[in-house]
Asks: 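Before anything else, here's the structure in question.
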Protein chains: 2
Amino acid sequence: MGDESDRTGKMTAALRKAGIRVTRQRIALLAVLAEAVDHPDAVELHERAKRLEPTVSLATVYRTLSVLEEEGVVHRHSFQGGGARFETTHEDHHDHILDIDTGEVIEFQSNKIEQLQEEIARELGYDVVHHRLELYCRKKL
Amino acid sequence: MGDESDRTGKMTAALRKAGIRVTRQRIALLAVLAEAVDHPDAVELHERAKRLEPTVSLATVYRTLSVLEEEGVVHRHSFQGGGARFETTHEDHHDHILDIDTGEVIEFQSNKIEQLQEEIARELGYDVVHHRLELYCRKKL
DNA sequence: GTTTGTGCAAAGCATTTGCAGCTGG
DNA sequence: CCAGCTGCAAATGCTTTGCACAAAC
């Protein structure tokens, strides 16, 4: 709980820093994002936020998510099937495993793969600006 | 030219095999796909196909692409920004580099990365069914 | 002749936007 | 106060679909 309000605090601070007004709707969304351990989509975030602040509209959820994304506070993922899903940015970069059957998202991290990517791009005359790596998987029996 | 009609031939064969009728519109689309070296989207494919067969509609392009995808004849890619882009399936599996500035697509292949992916999934109790790896890059100076 | 494919226009879906009113600083 | 938000509803962009006609086999 301490952690959670810390994160919310950091987020509101980020809003303030960006010269952006701190409204009831935005606070609600930030709280929801802070406590989310899954990777919810906009509709899901909207539903959760409405429980804290019934006046939030889906349009505002989208607008706020875009602002937060620009500020680097959240990441937007466009996995296969359905709409975008969001997560709060955390320290370490990571990629995702998606459980095909359940839709569950598992995070992982591989420096080796990262290095190989850079290497491949370099050999072809490119610099990697960002990448997308998703493993669509099924649980082993 | 021989190669190209070979590929078209293989594709029509694939249609026949799937018990699907071979129509003028589908032949046009197949020809366009066979000669495409880039990764065109549906609208672009529609425009090219219309040059061969003016009666093709965009709806049919989409419908045919879905059939071809199910038959494993083409692959659909959903890169960031804009709609889906298509390419004919070729022997070797590969991933993509996307030039952020030009939209150009470069293919590459890395067994090492592939192996690492399997390894990571296995350790977490998963089998990789398929994956998506895209490097969004900028040309080095 | 059936059965399947086609064009057209309308519908779907996720997301964005214009606008008149509300509200934070 | 007044710029910056907000909800609402309408608009967007890509893709799919219902339907009556056309064309494969």
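Not measured: the values here are computed from a predicted model. Letters A, B, ... mirror the listed sequences (proteins, then strands); counts begin at 1.
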Asks: Closest to the B/Thr23 side chain: C/dG7, C/dG5, C/dG24?
Replies: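 Of the options given, the side chain of B/Thr23 lies nearest C/dG5.
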Asks: Using a heavy-atom cut-off of under 4.0 Å over every strand shown, decide if B/Arg63 touches base, sugar-phosphate, or nothing.
Replies: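 If one applies the 4.0 Å heavy-atom cut-off, B/Arg63 turns out to touch a base.
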Asks: Given C/dT6, C/dT15, C/dG25, which nucleotide is nearest the side-chain atoms of B/Gln25?
Replies: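 Nearest nucleotide to the side chain: C/dT6.
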Asks: Side chain of B/Thr60 only, please: which of C/dT15, C/dG7, D/dT15 is the nearest?
Replies: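 The answer is C/dG7, which lies nearest to the side chain.
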Asks: If you look at every strand shown and take non-hydrogen atoms under 4.0 Å, does A/Val56 touch a base, only sugar-phosphate, or nothing?
Replies: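 The residue A/Val56 makes sugar-phosphate contact but no base contact.
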Asks: What's the NE2-C1' distance between A/His77 and C/dT15, to the nearest Å?
Replies: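 Going from A/His77 (NE2) to C/dT15 (C1'), I get 18 Å.
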Asks: Start with the C-alpha distance between A/Glu134 and A/His77, add both sets of side-chain angles, then the distance that settles side chain to side chain donor-acceptor pair (under 3.5 Å), and finish with yes or no.
Replies: CA-CA 10 Å; A/Glu134 293 152 17; A/His77 301 292; 5.8 Å; no
Asks: Establish, from distance only, whether the side-chain atoms of A/His39 and A/Glu87 form a donor-acceptor pair under 3.5 Å.
Replies: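 Distance-only check passes for A/His39 and A/Glu87.
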Asks: Can you tell me if B/Arg24 touches the phosphate of D/dA24, counting only side-chain N or O atoms and a distance under 4.0 Å to OP1 or OP2?
Replies: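 Yes, B/Arg24 has a side-chain N/O under 4.0 Å of OP1/OP2 on D/dA24.
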Asks: Any salt bridge linking A/Glu47 with A/Arg51? Criterion: basic side-chain nitrogen under 4.0 Å from a carboxylate oxygen.
Replies: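 Salt bridge flag = no for A/Arg51 with A/Glu47.
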Asks: With DNA chain D as reference, determine whether B/Gly82 or A/Val61 sits nearer its 5' end, using the nearest nucleotide of each.
Replies: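 This one resolves to A/Val61.
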Asks: Which part of the nucleic acid does A/Val43 contact within heavy-atom distance under 4.0 Å: base, sugar-phosphate only, or nothing?
Replies: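 Nothing, no heavy atom under 4.0 Å.
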Asks: Between C/dG7, D/dT15, D/dT6, which one does the side chain of B/Tyr62 approach most closely?
Replies: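 Selected nucleotide: D/dT15.
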Asks: For A/Leu58 and D/dT6, give me the distance from atom CG to atom P, rounded to whole Å.
Replies: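 The distance from CG of A/Leu58 to P of D/dT6 comes to 13 Å, rounded to the nearest Å.
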Asks: So, does B/Thr60 use its side chain to make a donor-acceptor pair with the main chain of B/Val56 at under 3.5 Å?
Replies: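 Side chain of B/Thr60 to backbone of B/Val56: no pair is present.
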Asks: Between atom CZ in B/Arg76 and atom P in D/dC14, what is the gap in whole Å?
Replies: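 In whole Å, D/dC14 P and B/Arg76 CZ are 14 Å from each other.
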Asks: If you check the A/Thr64 side chain, which of D/dC25, D/dT17, D/dT6 turns out closest?
Replies: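 Ranking D/dC25, D/dT17, D/dT6 by closest atom to the A/Thr64 side chain puts D/dT6 first.
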Asks: Nearest of C/dG5, C/dT23, C/dT6 to any side-chain atom of B/Arg21?
Replies: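 Of all the options, the side chain of B/Arg21 is nearest to C/dG5.
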Asks: Between A/Arg26 and B/Ala59, which residue's closest nucleotide on DNA chain D lies nearer the 5′ terminus?
Replies: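 Of the two residues, A/Arg26 wins.
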Asks: Sub-3.5 Å donor-acceptor pair from the side chain of A/Thr88 to the main-chain atoms of A/Leu33, do we have one?
Replies: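 Checked: no pair found.
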Asks: Looking at C/dG7, D/dC5, D/dA9, which one has an atom nearest to any side-chain atom of A/Ile20?
Replies: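 Closest nucleotide to the A/Ile20 side chain: D/dC5.
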